[in-house]
Amino acid sequence: MQYDPKELDRKWQAEWAKKKPFAAKDNSERPKYYVLDMFPYPSGAGLHVGHPLGYIASDIVSRYKRLKGFNVLHPMGYDSFGLPAEQYAIQTGQHPAKTTEENIATYRRQMDSIGFSFDWDREVRTSDPSYYKWTQWIFLKLYDAWYCKNADAARPIERLVKEFEQHGNRDVNAHCDETPLFTAHEWNSWDGAKQQTVLLNYRIAYLSEAYVNWCPALGTVLANDEVKDGFSERGGHPVERKLMMQWSMRITAYAQRLLDGLDGLEWSESLKEQQRNWIGRSEGALLGFKVQGSRFKVDVFTTRPDTIFGVSFMVLAPEHELVSQITTATQKAEVEAYIAKAKARSDRDRMADVKTVSGAFTGAYAEHPFTGSPIPIWIGDYVLAGYGTGAVMSVPSGDQRDWNFATHFGLPIPSVIEGSELSKGANESKEGVLENSDFLNGLPVKEAIKRAIAKMEALGIGKGRINYRLRDAVFGRQRYWGEPIPIYYKDGIPYPVKEEHLPVTLPEIDEYLPTETGEPPLGRAKGWGYDPKLGVRNTQNEQKADTDKPRGFQFLLNFIVEKVRGFFVWLKGLFQPKNELFPFELSTMPGWAGSSWYFLRYMDPKNDGAFASKEAIDYWQNVDLYVGGSEHATGHLLYVRFWTKFLKDLGYLPFDEPAKKLVNQGMIQGVSDKAYRHHSRSETSGALIGREMELPIFLSFGDKRVYSILVSAELVHSMFGKGGIDVDNELIQSTPQNVPIDCVDKGLVNLEKLIADHSQFRDTIFLCSEGLWYQNTLLSNQDIQKHKLGWVDPEYRDEHGNSYYRSSSSATFTTIQEVEKMSKSKWNVVNPDDIISRYGADTLRLYEMFLGPLEDAKPWNTNGIEGTYRFLRKFWNLFHAGDAFSVSDDAPTKPELKALHATIKKVEDDIEKLSLNTSVSQFMICVNELTELKCNKRAILEPLTIVLSSFAPHICEELWQQLGHGESISFATYPKFEAAHLVEDSFSYPISFNGKTKLQLELSTSLSAAEVEAIVVAHPEVIKRLEGATPKKVIVVVKRIVNVVV
RNA sequence: GCGGAUGUGGUGGAAUUGGUAGACACGCCAGACUUAGGAUCUGGUGCCGUGAGGUGUGUGGGUUCGAGUCCCUCCAUCCGCACCA
């Protein structure tokens, strides 16, 4: 029997689907191990070869842990709410649920074809009402909670209400919005609406008016992590600041815990660093400066309170609320002009242009808190409204931006650190000793910071303060395809939907667009609302439902049930006031809502009474190994930690971190093929290109058509050199045009295939070494010269009606290769399906691992895949003589045992380190040795099959069966490593002279260092090399090396 | 600018953590079998040199009997953050 990977894939995937050997046990005596892959969003493009990299690694670990006796939870599901499906729905009218369903089917088929050992019975989808019921439930918990700083934990809101009723908010130490003090009496005198409004200041999920990232193109707000350089991460649309009423999450309450928690996690340093940067903790002081001649005070935050005597001016952000109130009449015009100018600049412009110093003087002065001397107050857009207090005390001697500002506007730069050289820039160093600083003089910086804060606190002018860059997370999205926020409004005040009425399911709507009045798409659901007694209602559907009549017995049953229920509703109605229908919140939750707790749902995915049972959570705990991309560093991975800590605070979880260990698989990049694009800006550019290329041609585009022109890379390189084109060259774009890789073979484009498969290239003129190629015809350079053609229009005919283009297929059009992100739009996607259909799933799995370290980014290159395929065939051949299965029961020899046990050990160590590329090498070494030894012994091959089975499960299941086992190899036990088999009697010592190896000596391993030395110095070859000299020293490391020092 | 990571043959990459640099694989070269081969098998393959030998892990220096590995300097590439007070 020949190795037939296709057949084995089919056979074993069907077998696994039927027998489910990978189902995790809910109750088990075995230790648990939870391996999780990051939730995929099922995009329409399907999986490319980069996606499974992490899945293969985690699958190997899962299968290995099962062999090691663990009860393994290795689930998979879909983060199935999201923008792309909705964008598609807007374009086509197709319900996003349908698109999502289709995409999931593709993902599932592809994942199955790779042979993953997922426990599919635990699959979850965020868009499934039985799932998002619990997302909504968690939202309600967040809504009904506040953050108590004394306990440093979230607490249910009822306790806060009780406190308000008894003592007002005087003693409440909460992480909340600024709330004026009120007494118990005041609280109790307020009506429900007023009380609710105040409570929103405390809730962890709260509604407030705030500046948000509004993306007009997507018609929704975005969280900070979804905005990159002023553009949306998805789609790259511009984002602007907008003041809006928004649901937000008080993640800032958790800033310190999110920071501290990082220390105990086995996550990559770069990932932890990204989270630290994002949280952005800085220590310093908050102090107030009185504005002279007014009742106002400007609060500033500074990390350098020691430099307080170096303050020579203050700067407020242009948006700062005090600006309009303190600006003097004479400065009013200038200040207003500056504010207008600052507003007109987009965030992106502002960021791009950090070098230009700009600002305006308000005319007002503040009072130095220690010296009382006047300090001019300026405004400037280098001060950000969103950070700290939106105002700074400027110390030009100690801060470069302040120095720039002072230098530009001619403000004084007093030195406060001894020996500062301030003519070229500020001294930002935290080393040095204070001067010109009153009570701080002579103190080193670190000491002075402490002293300054102490003094400020003593005088009541400031206090020590820790500031974070982290902002609260905007939670509402003005979109359809997400979880409805379970909130309804009564008189404009938000109230929570009752727990028993969850889930609030998505209503059907006619179009996935905002309403005419600008409300989110959910505003289109007419008659959709909440009845606090009956729950979610859709009055239009209720009427419509009568028309879809079931038949037969089912009809009769429904009829009776309906009548009975109707009777009770009627009865109930008699004793109750008429039900009201309240409008729901119209925004939906962001993509990260469902993914912030999904790892918990896998523990108990079908539970209808809780997000997961306590028993399941206590058994499975948190994730032991989490595998996914680093792009989630500041989004998903921060939010999931936040929700985990929150659920821990409320007593729902016994742990407060979602994943102990996390590995980022490196991105697999694509290798793109690119040609150069020529600008066909005008008729004359055709002439120009001809001249540049020393081709006597024009390209005329006529009046009606514009042809795109691609230039062969080879041609460009022959003209401009391999370095590519001068960026300033107007004729040929320096950003080349991608060509689909399936139409290119080793840099040579198959033009016929290209224009046949991709209609967008049909009207392209290809300029190559032979001439011009257009729609399967070639106008050769010779023809161009022969006919002395001044210009060439593909449509042109000579007097006989013949085109100058001749039919020809010989055109050498070449591309250059470039490594970049794999994406559909770049036409460089390699689909795993193609690899699998050629080599089978096991080869793909092995090859992806063999490519290099898991965490490194690497370009996909199919060149080496033959090697892994050959390896599998060699492995198969160990079990087969010709076509027949042939395994002997003879006792193994020492070298055979050595090869086996070296592999058992190496693979075990490697999997623990996730160094899977070296494991594959080890398998190859082992099989090479066994082939050399002609080993077909069961005692060797059987354990080896088990070891290999986590990497190449299909072939191993088959051979396991052929070896006579009735049960899946996943129930086998990982072979025990026996070190005795690796012990060698002798070792070939490298003998080096001054560290350079010169010869080898085979010596017994039982010899001591002294014995080895004696043999070495007496050896004729060594004596010869010493040429009579006595070695100064001989270093012997047993079983390693001998070094003779001369 | 700040922070993090990484630099090893023609290529992907290994190196027991200070002990024979280049394992394993691709590619390439030679040979065998073949009508043929982009199939299979065998051998070779860091570079220079016919050879002995020399040289070699981005650069330059240092520690050491011994450095790809540790320390310092510079250079390059990638990633993240970026007026954060």
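Reckoned from all heavy atoms, side chains included, excluding hydrogens, waters and symmetry mates. Keep in mind the model is a prediction, meaning the values are calculated, not measured. Chain identifiers are assigned alphabetically (A, B, ...) following the order of the sequence lines, protein sequences preceding nucleic acid strands; residue numbering begins at 1 within each chain.
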A.B. asks: Base, sugar-phosphate, or nothing for A:D856, non-hydrogen atoms under 4.0 angstrom?
C.D. replies: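 Contact class for A:D856: none.
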A.B. asks: Students often get this wrong, so: under 4.0 angstrom with heavy atoms, is A:R276 touching a base, only sugar-phosphate, or nothing?
C.D. replies: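 Nothing, no nucleic acid heavy atom in range.
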A.B. asks: Walk me through whether A:Y989 and A:V1016 qualify under side chain to side chain contact (heavy atoms under 4.5 Å, CB included).
C.D. replies: CA-CA 10 Å; A:Y989 279 92; A:V1016 167; over 6 Å; no
A.B. asks: Mind running a 4.0 Å heavy-atom check of residues 926-934 of chain A against RNA chain B and sending the residues that fall below it, in number order?
C.D. replies: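 A:N928 - these, ordered by number, are the residues of the stretch whose heavy atoms sit under 4.0 Å from the strand.
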A.B. asks: Roughly how many Å apart are B:A15 and B:A67, using the C1' atom of each and rounding to a whole number?
C.D. replies: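 Their C1' atoms lie roughly 13 Å apart.
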A.B. asks: Could you check whether A:R873 gets within reach of a base, just the sugar-phosphate, or nothing at all, counting any heavy atom under 4.0 Å?
C.D. replies: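 Touches sugar-phosphate only.
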A.B. asks: May I ask you to evaluate whether A:R469 reaches the phosphate of B:A82, defined as a side-chain N or O under 4.0 Å from OP1 or OP2?
C.D. replies: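 Yes, because at least one side-chain N or O of A:R469 sits under 4.0 Å from OP1 or OP2 of B:A82.
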A.B. asks: For the residue pair A:Y869 and A:P5, what are the closest heavy atoms and their distance?
C.D. replies: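 Closest approach of A:Y869 to A:P5: CE1-CG, 4.1 Å.
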A.B. asks: Ignoring the backbone of A:R870, work out which of B:U40, B:G19, B:G80 is nearest its side chain.
C.D. replies: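 Per side-chain heavy atoms of A:R870, the pick is B:U40.
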A.B. asks: Where does B:U17 fall, syn or anti, if syn means a chi angle no more than 90° from 0?
C.D. replies: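 Syn conformation for B:U17.
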A.B. asks: For A:Y847 and A:W860, I'd like to know if the aromatic rings sit close, meaning centre-to-centre distance below 6.0 Å.
C.D. replies: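 Yes - the distance between ring centres of A:Y847 and A:W860 falls below the 6.0 Å cut-off.
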A.B. asks: Which listed nucleotide (B:C81, B:G19, B:U20) is nearest to the side chain of A:T997?
C.D. replies: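 Closest nucleotide among those given: B:U20.
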A.B. asks: Below the 4.0 Å mark, does B:G54 have OP1 or OP2 next to a side-chain nitrogen or oxygen of A:K998?
C.D. replies: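 Looking at the OP1 and OP2 atoms of B:G54, one of them is under 4.0 Å from a side-chain N or O of A:K998.
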A.B. asks: Could you work out the separation of B:A30 and B:G68 based on their C1' atoms and round it to a whole Å?
C.D. replies: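 It comes out at 33 Å once rounded to the nearest Å.
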A.B. asks: A:R1040 side chain: which of B:A25, B:C84, B:U16 is closest?
C.D. replies: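 So the nucleotide nearest the side chain must be B:U16.
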A.B. asks: Counting any heavy atom closer than 4.0 Å, what does A:Q400 reach on the DNA or RNA strands: base, sugar-phosphate only, or nothing?
C.D. replies: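 Nothing: the residue A:Q400, judged by heavy atoms under 4.0 Å, touches no strand.
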A.B. asks: Within the 4.0 Å heavy-atom criterion, would you say A:I925 contacts the bases, only the backbone, or no part of the nucleic acid?
C.D. replies: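 Sugar-phosphate: the residue A:I925, judged by heavy atoms under 4.0 Å, touches backbone atoms but no base.
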A.B. asks: Only one of A:H981, A:E984, A:E929 forms a side chain to side chain donor-acceptor pair (under 3.5 Å) with A:K898, so which one is it?
C.D. replies: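 Answer after filtering A:H981, A:E984, A:E929: A:E984.
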A.B. asks: Which residue, A:I1041 or A:P853, contacts RNA chain B at a nucleotide closer to its 5' end, judged by nearest heavy atom?
C.D. replies: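 Result of the comparison: A:P853.
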A.B. asks: Sequence neighbours left out, cut at 3.5 Å: what donor-acceptor pairs do the side chains of residues 302-309 of chain A make with other protein atoms?
C.D. replies:
{"from": "A:T302", "atom 1": "OG1", "to": "A:R304", "atom 2": "N", "distance (Å)": "2.9"}
{"from": "A:R304", "atom 1": "NE", "to": "A:D306", "atom 2": "OD1", "distance (Å)": "3.1"}
{"from": "A:R304", "atom 1": "NE", "to": "A:D306", "atom 2": "OD2", "distance (Å)": "3.4"}
{"from": "A:R304", "atom 1": "NH2", "to": "A:D306", "atom 2": "OD2", "distance (Å)": "3.2"}
{"from": "A:T307", "atom 1": "OG1", "to": "A:R304", "atom 2": "O", "distance (Å)": "2.8"}

A.B. asks: What nucleic acid atoms does A:V392 come within less than 4.0 Å of, heavy atoms only: base, sugar-phosphate, or nothing?
C.D. replies: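 Answer is base: heavy atoms of A:V392 come under 4.0 Å of a base.
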A.B. asks: For a quick test of reading the model, state the closest non-hydrogen atom pair linking A:A366 to A:M314 and the distance between them.
C.D. replies: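 So the two residues come closest at CB-SD, 3.6 Å.
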A.B. asks: Between B:C84 and A:N467, is there an OP1 or OP2 to side-chain N/O distance shorter than 4.0 Å?
C.D. replies: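 Indeed not, no polar side-chain atom of A:N467 lies that close.
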A.B. asks: Give a yes or no on whether a donor-acceptor pair under 3.5 Å exists between the nucleobase atoms of B:C81, that is its base, and the side chain of A:N277.
C.D. replies: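 In this structure, the two groups form no donor-acceptor pair.
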A.B. asks: Answer with base, sugar-phosphate or nothing: what part of the nucleic acid does A:N1043 contact at a heavy-atom distance below 4.0 Å?
C.D. replies: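 Answer is base: heavy atoms of A:N1043 come under 4.0 Å of a base.
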A.B. asks: Using only side-chain N and O atoms of A:S282, determine if any of them is under 4.0 Å from OP1 or OP2 of B:A85.
C.D. replies: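 Yes.
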A.B. asks: For RNA chain B, report each stem as range with range, ordered by first number, or say none. Use Watson-Crick or G-U wobble pairs under 3.5 Å, at least 3 in a row.
C.D. replies: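 Correct response: B:1-7 with B:75-81, B:10-12 with B:24-26, B:27-32 with B:40-45, B:46-48 with B:53-55, B:60-62 with B:70-72.
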